[in-house]
Amino acid sequence: MNTQERGIPIKIEPDNIVDSIILLQFETEYNKKKIESELASFLNDTYSDNHFLPTPLRKKDVESMNQTDADGCFYSDGVVKVLVAEDKLVINCLNEYPGWNEVLKKLVYGLINVFHQRYVRFTKVGVRYISMLKNESLIDNLDGEIRFNNFQVFNGATYNFSCAASDNNHNAEVNVRLTEKAKYETGLASIVDIEVFSDTDNFSQKTINEVQEYVEYCHAIEKDVFYRLLSENYVNSHNPVW
């Protein structure tokens, strides 16, 4: 089912995405240096014109899901960066969001294709998207109200909730963090932070295609949650592309 059949656009303009993070968690018999070496070879062979260069890590540079690891380096072409931690690959955008189908999907699927069952066994995958609505109220743009026992609880603070998602072949854990009136460099903004993780046993035994399908599933769930949180008026006011 495509995005329009699900009732959500392919994208809005501007997309308001300030960071997108893809997690590929793994187990391996190889040490970290070996994984870094194979990653560098893959990037150089696949993106020879993009000049993915190793950059020493500083703690504040690390974008991770649930963990910060400042040991090692990341590889960046100026658009995205790829970090090797002890048990994960983390891919995220640097400045503007480059697009899922245009850039990120090719890179992530390529990493899975080269690494899974050859150098590592992926044990968990996930995506995280952080959107900033600059000088806009999240409360005013929600599709309905967040209530608990008929009392409105989201009144300008931070609201967190988790839920599960599944279809006939996939299971995922969804974590949502909504912030109203957060400070940023030139004013106030609302933040929608959504992360979706695969939630299944024996993930390391899945085939390359199954791991890729799980990444796609997590990405689709993240989009569904984002657009279903926001009102139709908000979406229509941001030039939706169907």
Side-chain angles (χ1 to χ4, degrees), residues 1 3 6 8 15 17-28 32 35 39 62-69 74 80-93 97-101 103-117 119-132 146 158-179 191-230:
M1 184 180 294
T3 54
R6 299 203 308 271
I8 63 173
D15 56 41
I17 297 171
V18 294
D19 207 355
S20 58
I21 307 165
I22 299 94
L23 169 80
L24 303 175
Q25 186 169 303
F26 60 76
E27 58 186 17
T28 183
K32 185 177 176 182
I35 303 302
L39 173 64
V62 179
E63 302 290 351
S64 182
M65 302 174 84
N66 297 335
Q67 183 176 341
T68 299
D69 183 346
F74 63 82
V80 297
K81 70 181 181 185
V82 185
L83 164 69
V84 183
E86 287 297 334
D87 63 347
K88 66 175 76 70
L89 299 175
V90 182
I91 304 96
N92 73 292
C93 63
Y97 178 59
W100 175 252
N101 289 321
V103 174
L104 290 173
K105 182 175 180 177
K106 177 184 177 182
L107 173 58
V108 173
Y109 277 34
L111 289 169
I112 294 170
N113 187 59
V114 168
F115 278 82
H116 189 52
Q117 304 293 2
Y119 301 109
V120 307
R121 294 172 297 280
F122 290 114
T123 56
K124 187 176 187 179
V125 299
V127 302
R128 179 182 179 188
Y129 278 72
I130 304 172
S131 300
M132 180 179 290
I146 299 174
T158 298
Y159 183 79
N160 299 276
F161 66 90
S162 299
C163 57
S166 65
D167 61 15
N168 292 332
N169 300 307
H170 310 92
N171 297 287
E173 173 190 347
V174 184
N175 299 309
V176 180
R177 180 182 179 91
L178 306 176
T179 305
I191 298 173
V192 181
D193 185 346
I194 303 171
E195 57 183 12
V196 185
F197 296 103
S198 60
D199 184 15
T200 185
D201 296 329
N202 302 318
F203 196 88
S204 63
Q205 298 175 17
K206 294 189 177 298
T207 66
I208 287 172
N209 287 340
E210 288 173 330
V211 175
Q212 291 174 342
E213 287 174 5
Y214 248 102
V215 173
E216 192 71 35
Y217 178 73
C218 289
H219 184 263
I221 292 298
E222 186 280 330
K223 286 193 69 173
D224 272 355
V225 171
F226 177 80
Y227 283 112
R228 295 185 193 283
L229 278 170
L230 297 170

Task: side-chain contact (heavy atoms from CB on, under 4.5 Å) between Lys32 and Val84, worked out - done: CA-CA 8 Å; Lys32 185 177 176 182; Val84 183; 4.2 Å; yes
Task: side-chain contact (heavy atoms from CB on, under 4.5 Å) between Val82 and Val90, worked out - done: CA-CA 6 Å; Val82 185; Val90 182; over 6 Å; no
Task: Derivation and outcome, side-chain contact (heavy atoms from CB on, under 4.5 Å), residues Ile194 and Leu229 - done: CA-CA 11 Å; Ile194 303 171; Leu229 278 170; 4.3 Å; yes
TODO: Decide yes or no on side-chain contact (heavy atoms from CB on, under 4.5 Å) for Ile221 and Val127, but give the supporting numbers first.
DONE: CA-CA 10 Å; Ile221 292 298; Val127 302; over 6 Å; no
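Across Ile17 and Tyr97, no two heavy atoms sit closer than the pair CD1-CD2, 3.6 Å. Of all heavy-atom pairs between Tyr119 and Val114, the closest is CD1-O, 3.9 Å. Nearest approach of Thr123 to Ser204, heavy atoms of both residues: CG2-CB, 4.1 Å. Pro98 approaches Leu104 most closely through the heavy-atom pair CG-CG, 4.2 Å.
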Using a 3.5 Å cut-off and no angle test, enumerate the donor-acceptor pairs between side-chain atoms of residues 164-176 and protein atoms at least two apart in sequence or in another chain.
from   : atom 1 : to     : atom 2 : distance (Å)
Asp167 : OD1    : Asn169 : N      : 2.8
Asp167 : OD1    : His170 : N      : 2.7
Asp167 : OD1    : His170 : ND1    : 3.0
Asp167 : OD2    : His170 : ND1    : 3.2
Glu173 : OE2    : Asn175 : ND2    : 3.3
Asn175 : OD1    : Ser162 : OG     : 2.6
Asn175 : ND2    : Glu195 : OE2    : 3.3

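Here the straight-line distance linking atom CD1 of Ile21 with atom CG of Asp193 works out to 8.0 Å at 0.5 Å rounding. Residue Leu23 holds its CG atom at 11.5 Å from CG of Asn92, rounded to the nearest 0.5 Å. The distance from the OH atom of Tyr129 to the SG atom of Cys93 is 8.0 Å, given to the nearest 0.5 Å. Atom CG in Asp87 sits 11.5 Å away from atom CD1 in Ile35 (nearest 0.5 Å). A distance of 11.0 Å separates OG1 of Thr28 from CD of Glu86, quoted to the nearest 0.5 Å.
The backbone N or O of Gln212 lies less than 3.5 Å from a partner atom in the side chain of Tyr109, making a donor-acceptor pair. Using a distance-only test at 3.5 Å, with no hydrogens or angles considered, no donor-acceptor pair links the side chain of Glu222 to the main chain of Val196.
In this structure His116 satisfies the side-chain hydrogen bond (donor to acceptor under 3.5 Å, both in side chains) test with no other residue, sequence neighbours excluded.
Pairs of residues two or more places apart, or lying in two chains, that qualify as salt bridge (Lys or Arg N to Asp or Glu O under 4.0 Å) and include a residue from residues 201-216 are Lys105-Glu216.
Summarising the local packing, CZ of Arg177 is surrounded by 12 or fewer heavy atoms from other residues, nucleotides or ligands at distances under 6.0 Å.
The closest side-chain heavy-atom distance from Val18 to Ile191 is not below 4.5 Å.
Considering Phe122, Tyr214, Phe26, Phe197 as possible partners of Phe203, the one that fulfils the ring-ring contact (aromatic ring centres under 6.0 Å, His included) test is Tyr214.
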